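So the structure is just underneath, and the comments pick up after that.
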Amino acid sequence: SFIATPTATPGETPPYIGVTFGGTLPDGSRGQAGAITAIDTGSVGAGNATITAKLGEVAATGRATLRAIGAPQAAAPTPSLPSADVISLYSDAYTNHPVDTWSPDWDLSSVSDVRIAGNNAKKYVSGLSNDNFAAVEFKSPTIDATSMTHFHMDVWVATAGVFRFKLVDFGADGVFGGGDDSEHEVIAVRAANNPGPPFPVLNPGQWTSLDVPFSSMTGLQSRAHLAQIIFKGIDGTDANPFNWATPLPPVYLDNVYLHR
């Protein structure tokens with residue numbers, strides 16, 4: 001069987017790598033491919049990992065280079081707004097409004113609860129891209145945010161060119177697709193490629209606090225029946241931050257709330 005040896009630049013929190021690798025022996029024959037379902041890179045952390053292989057004591061030619069993604073080491077900033085001025089969906093600092101699901105069965109991502117420096121956060125995986133997205137539903141009941149002025153969300157991604165999210169209002173009938181729904185999408189772009197307003201600045205490798213005024217969300221015809229948040233993003237490690245072919249690594253969320 002193959003022996004795989006990961007080597008990487010020391011980094012932060014241990015990620016896991018999945019890979020299938022086959023090689024060619026010095027005599028030209030093909031070795032049997034071996035599958036590594038998970039490599040704990042806790043000793044090497046984030047960085048580039050090089051996978052090499054042997055068949056017995058015979059080294060196979062070729063190698064695979066993998067990129068190991070880190071995770072936040074510090075918690076998201078603690079909100080300081082008075083609770084009377086906040087409708088919270090997710091935060092340790094406030095009492096949270098009921099959420100039906102943080103990942104419905106019709107989205108293309110999975111979510112888990114994680115602890116970061118003693119603080120709760122949501123972690124999304126599966127690769128958010130142009131066709132892959134995540135959704136949050138809070139329709140039972142919907143939220144009346146007419147007295148609120150801003151939407152806030154803290155986001156952490158290791159590498160990203162673009163992070164997009166949209167708020168969806170179900171309209172007076174309170175149901176999806178009733179003919180009176182409205183929505184608005186916000187697009188955050190990394191600093192190196194940010195064209196300026198209305199695009200918020202995204203800061204990969206650290207918490208980005210997105211605090212967007214409702215006055216800029218011109219697509220929302222109403223916010224009396226808010227019911228969904230839908231988001232997706234682009235890796236952006238290549239030269240083009242808008243390359244939708246590259247899915248986003250894991251996304252961490254905290255302090256998701258509306259405020260005035």
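Everything quoted here is computed from the prediction, not taken from an experiment. In this chain, residues are counted from 1 in sequence order.
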- Item | Donor-acceptor contact present, side-chain Gln73 to main-chain Ala71, <3.5 Å | yes
- Beyond-backbone contact of Pro200 with Val186, side-chain heavy atoms, under 4.5 angstrom: yes
- Query: Do Ile229 and Val168 come within less than 4.5 Å of each other through their side chains, counting heavy atoms only?
  - Reply: no
- Item | Closest approach of Pro98 to Pro141 (non-hydrogen atoms, all atoms of both residues) | CG-CD, 4.5 Å
- Scanning both residues in full, the closest heavy-atom pair of Trp156 with Gln206 reads CD1-C, 3.2 Å
- Query: Angle class for the His97/Phe138 ring planes (parallel below 30°, perpendicular above 60°, tilted otherwise)?
  - Reply: perpendicular
- Task: Would you kindly confirm whether Val86 and Met217 end up in one hydrophobic cluster when ILVMFWY residues are joined by side chain heavy atoms under 4.5 Å apart?
- Result: no
- Query: Any chain of hydrophobic side-chain contacts (each under 4.5 Å) joining Tyr94 to Val99?
  - Reply: no
- Item | CE-CZ distance between Met153 and Phe231, expressed to the nearest 0.5 angstrom | 6.5 Å
- Enter the distance from Asp144:CG to Ile87:CD1 here, rounded to the nearest 0.5 Å. 7.0 Å
- Message: Return the CG to OH distance between Asp85 and Tyr257, rounded to the nearest 0.5 Å.
- Response: 11.0 Å
- So, do Trp106 and Glu137 sit near enough that their side-chain heavy atoms are less than 4.5 Å apart? yes
- Item | Non-hydrogen side-chain atoms of Ile143 and Leu89 separated by less than 4.5 Å | yes
- Note on the structure: Of all heavy-atom pairs linking Thr142 and Ala224, the shortest is OG1-O, 4.5 Å
- Does any non-hydrogen side-chain atom of Asp169 lie less than 4.5 Å from one of Leu226? yes
- May I ask whether Trp207 and Val114 are part of the same hydrophobic cluster, defined by side-chain heavy atoms of I, L, V, M, F, W, Y residues being less than 4.5 angstrom apart, directly or through others? yes
- Item | Distance, nearest 0.5 Å, that separates CG of Asp92 from OG1 of Thr78 | 8.5 Å
- Task: Mind listing the closest non-hydrogen atom pair of Pro77 and Ser209 along with its distance?
- Result: CG-OG, 4.1 Å
- Are the side chain of Thr208 and the backbone N or O of Asn203 linked by a donor-acceptor pair below 3.5 Å? yes
- Gap between atom CZ of Phe151 and atom CZ of Arg223 - 0.5 Å precision: 13.0 Å
- Task: Output yes when a side-chain donor or acceptor of Tyr124 lies under 3.5 Å from a complementary backbone atom of Ser103, and no otherwise.
- Result: no
- Message: Quick check on the hydrophobic clustering: are Phe214 and Leu81 connected, directly or via other members, by side-chain heavy-atom contacts under 4.5 Å?
- Response: no
- Side-chain touch Val251/Val155, heavy atoms, less than 4.5 angstrom: yes
- Message: Is the shortest side-chain heavy-atom distance between Val111 and Val136 below 4.5 Å?
- Response: no
- Query: Okay, side chain of Asp154, backbone of Asn255: is any donor-acceptor separation there less than 3.5 Å?
  - Reply: no
- Query: Is a side-chain donor-acceptor pair under 3.5 Å present for Ser109 with Asp107?
  - Reply: no
- Minimum-distance pair of heavy atoms, taken over all atoms of Lys123 and Pro250: CE-CB, 3.9 Å
- Task: Could you check if a side-chain atom of Leu253 sits within less than 4.5 angstrom of a side-chain atom of Phe165, using non-hydrogen atoms only?
- Result: no
- Query: Is Tyr90 reaching over with its side chain to a backbone N or O of Asn96, donor-acceptor style, under 3.5 angstrom?
  - Reply: no
- Task: Measure centre to centre between the rings of His225 and Phe170, then say whether the value is under 6.0 Å.
- Result: no
- Item | Side-chain donor-acceptor contact under 3.5 Å, Asn120 with Arg115 | yes
- Item | Test: Lys122 and Asp113 ion pair at under 4.0 Å | yes
- CG of Leu220 to CG of Asp181, rounded to nearest 0.5 Å, is 11.0 Å
- Task: Could you tell me which non-hydrogen atom of Ala117 sits nearest to which non-hydrogen atom of Ala75, and how far apart they are?
- Result: CB-N, 3.8 Å
- Message: Looking at His259, is its backbone amide N or carbonyl O close enough to the side chain of Thr149 to form a donor-acceptor pair, meaning the two atoms are under 3.5 Å apart?
- Response: yes
- Item | Check: Ile230 main-chain N/O paired with Arg164 side-chain donor or acceptor under 3.5 Å | no
